[in-house]
Every structure is written in structure tokens, then in C-alpha cells.
Amino acid sequence: MKRIIISGGGTGGHIYPAITIYKEIMKQQPDAQVLYVGTKHGLEADLVPKENIEFVTLPVQGLQRKLSLAYSLIKANSIISSFKPDVVIGTGGYVCGPILMAAALRNIPTLIQEQNVIAGITNKILSRFVDVVAVGYNEAAKSFDKAKQVVYTGNPVRPDVLVDSRVEGRKHFGLSDDIFTVLIAGGSRGARTINNAMIDVHKHFQGKDGIKLIHITGNGEYTSVLEKLGINDGSGLGESSLILPYLHDMPKALAATDLAVFRSGAIGLAELAVRGIPSVLVPYPYAAEDHQTYNARIFVQEGAAHMIVDKVLTSHDLIGEIEMFMANRELLAQMGASALHLGKPNAAHDIAELALSIAK
């Protein structure tokens with residue numbers, strides 16, 4: 001029986017890959033015992049226990065002072081001594097630092113998974129000590145020139161994203177096959193720039209046949225968007241628009257979608273790729289090392305996406321992009337094929353297999 005520690009924290013971009021890898025490990029090694037190490041205040045404290053994964057916390061903060069870092073390492077060492085893992089996997093965030101460092105210093109096999117083209121600072125530091133770095137993009141390998149081993153696996157995608165057919169997705173949202181469907185989402189917290197630009201986009205397409213805008217605003221922005229549109233609920237504009245604060249059925253929405261307007265977080269892009277969905281990307285400009293822009297450029301270079309810089313985004317831009325794709329289905333299909341070429345549907349399987357192969 002393998003004993004495995006998985007760690008990743010702070011944002012969904014680190015936690016969802018960790019949970020996906022966990023599920024794949026349990027498929028490959030059903031008797032494995034897994035411990036998730038996270039933080040008390042990160043999103044993982046809510047998400048991980050819901051998956052019935054054993055969960056413990058480490059006291060960590062970004063850019064720690066020496067004293068608090070030393071305490072985190074002592075606590076991490078205590079967790080390692082108690083659990084006795086055969087392998088430790090990190091998917092990013094500051095919480096990974098102490099637990100992976102403690103494991104590496106004790107010669108316990110370690111693996112980190114880097115989702116972005118430009119690596120995060122924690123993973124860059126850790127890459128000098130761990131056994132394997134699994135990268136989501138080939139181009140990320142240059143960030144890890146001091147690593148022992150770098151393997152291009154792609155980014156892990158939730159199994160649900162691969163399951164639903166277009167027919168099932170369309171049925172779920174009550175869409176006929178000829179309705180041009182645009183999915184607009186800015187990540188789990190929403191994206192104010194995209195939401196503001198969408199106000200006039202909704203107005204422009206209101207009452208028009210043949211289009212459906214599925215707009216996920218994020219919980220914090222939902223009320224504001226409705227107020228600006230002068231409506232009381234998300235279906236208040238009629239058949240052309242559906243506005244939601246959050247969508248639990250994102251896999252079904254992806255299955256139904258012709259075009260996406262997204263930020264360019266690595267996991268969102270991985271999901272678009274495995275579904276072969278062309279996109280208009282608006283990278284979040286304040287992401288660490290501007291990594292979302294670098295992620296988006298890969299999709300643009302491969303012909304899978306168009307990119308609009310956040311600070312110049314307007315409703316006119318989005319209306320133009322949507323109408324252009326509606327009128328040019330051949331380009332839409334070509335870009336969808338390019339997106340599919342970037343997809344790595346077996347990434348979670350390959351990362352889990354890699355981790356189990358280096359386990360003691």
C-alpha cells in the first residue's frame with residue numbers, strides 16, 4: 001500500500017489539479033493512503049474535505065520571515081515523520097514549499113506539477129531539490145534548467161470535462177444545434193474587465209435569434225452586472241443571454257460551447273483544449289510573472305485563440321469577435337482543431353503514473 005502526500009494551495013488553479021491527480025492515483029492504486037497538506041485559510045480548506053480526502057494544515061504565508069518559515073518546516077517535518085509517505089506531490093502555492101523541502105531533505109521521492117508557461121517562484125526554488133518536475137507546457141521546461149528531470153505531461157483535467165457529448169450539453173441548456181453558443185467566464189472569482197465589457201454585448205445581442213451568451217460573472221460581481229443591465233435575474237434579457245454567478249455544471253457548458261471568452265489560467269485553458277473550443281482570451285494582467293499572458297500566447301501561436309489585452313478590452317471588441325466567428329464557421333472549426341491539438345486528455349493519468357513510479 002502506497003502512502004502519498006499531495007499539497008497545493010491558495011487558488012483553484014493549484015487545488016483542482018491536485019484533486020484530479022488524487023482521483024487518478026486512486027484509480028491506479030485503489031488501496032493508496034493519501035494525505036492532503038494545505039492551509040487553513042486557502043480555498044483548499046473548503047474543497048478538499050468535500051472530496052473525503054484526509055486533510056491537515058500548515059501555517060504558511062507568502063514570502064515568509066525566517067522565523068515563520070522555520071516553524072513551517074518543523075511542522076512539515078512532523079507531518080512527514082507521522083505519515084511516512086512513499087512519495088510527495090506538489091501542485092503549487094506557498095504551502096508546497098515546506099512539505100516538499102522537508103521530504104526532499106529526507107530523500108523521500110518528490111514531484112512538482114507546474115501548470116503555467118512561466119513557473120511560480122515556489123516551484124522554481126523547489127525544482128532544484130525534487131526528483132521530477134511535470135510541466136503543463138513544453139515551453140515551461142526552460143524555467144527548470146537546474147531540475148534533475150523535467151517531463152512534459154500537460155495539465156490535468158477533471159474527468160467530467162471529457163465525459164459529456166455536445167448533444168448532452170445542448171440538451172442540458174435547452175439549446176438546439178444551430179444556436180451559436182458563447183461561454184464567458186473569468187475564473188472562480190469572476191473578471192471585472194470582462195464583466196463590464198459584457199454589459200453592452202448583452203444589450204447588442206438582446207432579442208437576436210441564433211445566439212446564446214452563457215455568462216458566468218463570479219459570485220462577487222453578479223448583482224452588479226444585473227443592476228447595470230437593469231434586470232432582476234440572470235434570464236431577464238430573454239433567450240439570447242443566461243447570466244449566472246457560478247456554474248457547477250461547467251463540463252456541460254463546455255460540451256455545449258462554440259466559442260469561449262476566458263481569462264487564461266492554465267487549467268481553464270487545458271479544459272478548452274481537450275474539448276477543442278476556440279477562444280478569445282483576456283489574460284489577467286496582475287497574475288504573478290504575468291503568466292496568464294504567456295499561457296495565452298501559446299494558444300495564439302498555435303492558432304487556437306485570439307487575445308485581447310485587458311486594459312484595452314471594450315464591448316466593441318467582443319461584439320466584433322463574436323460576430324466574426326458566427327459568420328466564419330470554417331475559421332471556427334480550424335481554431336477548434338488547433339485547440340484540440342494542444343489538449344492532453346491523459347495528463348492526470350500520466351502524472352499519477354509518474355508519481356507512483358518514483359515512490360519508494
Is the [atom1] atom of [X] crowded by more than 12 outside heavy atoms at less than 6.0 Å?
X: Arg128; atom1: CZ; answer: no
X: Arg192; atom1: CZ; answer: no
X: Lys208; atom1: NZ; answer: yes

If you measure from the Lys or Arg side-chain nitrogens to the Asp or Glu carboxylate oxygens, is any gap between [X] and [Y] under 4.0 Å?
X: Lys27; Y: Glu24; answer: yes
X: Lys124; Y: Glu114; answer: no
X: Lys2; Y: Asp86; answer: no

Side chains of [X] and [Y] in contact at under 4.5 Å (non-hydrogen atoms):
X: Asp131; Y: Gln149; result: no
X: Leu244; Y: Thr217; result: no
X: Gln33; Y: Ile4; result: no
X: Ile351; Y: Pro156; result: yes
X: Thr110; Y: Phe129; result: no
X: Val157; Y: Ile267; result: no
X: Phe262; Y: Val282; result: no
X: Ile199; Y: Val225; result: yes

Has [X] got a side-chain atom pairing as donor or acceptor with [Y]'s backbone, closer than 3.5 angstrom?
X: Asn123; Y: Ile112; answer: no
X: Thr11; Y: Gly9; answer: no
X: Lys75; Y: Pro98; answer: no
X: Asp249; Y: Lys252; answer: no
X: Ser279; Y: Ala260; answer: no
X: Gln115; Y: Thr91; answer: yes
X: Thr257; Y: Val182; answer: no
X: Ser338; Y: Glu302; answer: yes
X: Ser78; Y: Ile74; answer: no

_Pairwise salt bridge (Lys or Arg N to Asp or Glu O under 4.0 Å) hits with a residue in residues 258-275, at least two apart_ =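 For residues 258-275: Arg158-Glu271, Arg166-Asp258, Arg170-Asp258, Arg263-Asp310.
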
*Only pairs at least two apart or in different chains count here, so list each salt bridge (Lys or Arg N to Asp or Glu O under 4.0 Å) that has a residue in residues 345-360.*
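Every candidate salt bridge (Lys or Arg N to Asp or Glu O under 4.0 Å) pair involving residues 345-360 fails, so no pair, neighbours aside, qualifies.
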
*Would you please name every residue forming a ring-ring contact (aromatic ring centres under 6.0 Å, His included) with Tyr284, sequence neighbours left out?*
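Tyr284 satisfies ring-ring contact (aromatic ring centres under 6.0 Å, His included) with Tyr286 only.
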
_Could you work out, with ring-ring contact (aromatic ring centres under 6.0 Å, His included) as the rule, every residue matching His14, not counting sequence neighbours?_
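So His14 forms no ring-ring contact (aromatic ring centres under 6.0 Å, His included) with any residue.
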
Using every non-hydrogen atom in the two residues, find where [X] and [Y] come nearest and quote the distance to one decimal.
X: Ile214; Y: Phe173; result: CD1-CD2, 4.1 Å
X: Met307; Y: Pro283; result: SD-CG, 3.6 Å
X: Ala140; Y: Asn116; result: CB-O, 3.5 Å
X: Ser315; Y: Val201; result: O-CG2, 3.8 Å
X: Gly12; Y: Leu43; result: N-CD2, 3.8 Å
X: Leu35; Y: Phe55; result: CD1-N, 4.3 Å

*Within 45 degrees of the axis of the six-membered ring of Tyr152 and under 6.0 Å from its centre: does Lys344 put its NZ or CZ there?*
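Satisfied, under 6.0 Å and within 45°.
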
For the residue pair [Y] / [X], report whether a side-chain donor-acceptor contact shorter than 3.5 Å exists.
X: Asn155; Y: Gln113; answer: yes
X: Asp200; Y: His316; answer: no
X: Glu323; Y: His204; answer: yes

Is there a path of hydrophobic side-chain contacts, each under 4.5 Å between heavy atoms, that joins [X] and [Y]?
X: Val280; Y: Ile194; result: yes
X: Leu318; Y: Leu331; result: yes
X: Val163; Y: Leu340; result: no
X: Ile125; Y: Ile118; result: no
X: Ile25; Y: Ile15; result: yes

To the nearest 0.5 angstrom, please state how far the [atom1] atom of [X] sits from the [atom2] atom of [Y].
X: Arg106; Y: Lys84; atom1: CZ; atom2: NZ; result: 8.5 Å
X: Ser7; Y: Ile89; atom1: OG; atom2: CD1; result: 10.5 Å
X: Leu354; Y: His349; atom1: CG; atom2: NE2; result: 11.5 Å
X: Ile5; Y: Ile108; atom1: CD1; atom2: CD1; result: 7.5 Å
X: Gln28; Y: Lys23; atom1: CD; atom2: NZ; result: 15.0 Å
X: Leu281; Y: Arg297; atom1: CG; atom2: CZ; result: 12.5 Å

Can you give the donor-acceptor pairs under 3.5 Å from side chains of residues 234-243 to other protein atoms, not counting sequence neighbours?
unit_1 : atom_1 : unit_2 : atom_2 : d
Ser235 : OG     : Asp233 : OD1    : 2.7
Ser240 : OG     : Phe205 : O      : 3.4
Ser241 : OG     : His202 : ND1    : 2.8

*asked:* Walk me through whether Thr57 and Thr39 qualify under side-chain contact (heavy atoms from CB on, under 4.5 Å).
replied: CA-CA 5 Å; Thr57 62; Thr39 63; 5.7 Å; no

_Determine whether Tyr36 and Glu44 satisfy the following criterion, side-chain contact (heavy atoms from CB on, under 4.5 Å), listing intermediate values before the conclusion._
CA-CA 9 Å; Tyr36 195 111; Glu44 66 272 22; 4.2 Å; yes

*With side-chain contact (heavy atoms from CB on, under 4.5 Å) as the test, would you mind laying out the steps for Leu226 and Asn232 before giving the verdict?*
CA-CA 6 Å; Leu226 294 189; Asn232 295 319; over 6 Å; no

_Tell me which pairs pass ring pair (Phe, Tyr, Trp, His ring centres under 6.0 Å) where either residue lies in residues 294-313, with sequence neighbours left out._
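Pairs touching residues 294-313 that pass the test: His306-Phe325.
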
*Does the pair Leu183 and Leu259 meet the rule for a side-chain contact (heavy atoms from CB on, under 4.5 Å), with working shown?*
CA-CA 6 Å; Leu183 178 63; Leu259 175 71; over 6 Å; no

*Show your reasoning for whether side chain to side chain donor-acceptor pair (under 3.5 Å) applies to Asn195 and Lys228.*
CA-CA 10 Å; Asn195 287 338; Lys228 288 173 183 173; over 6 Å; no

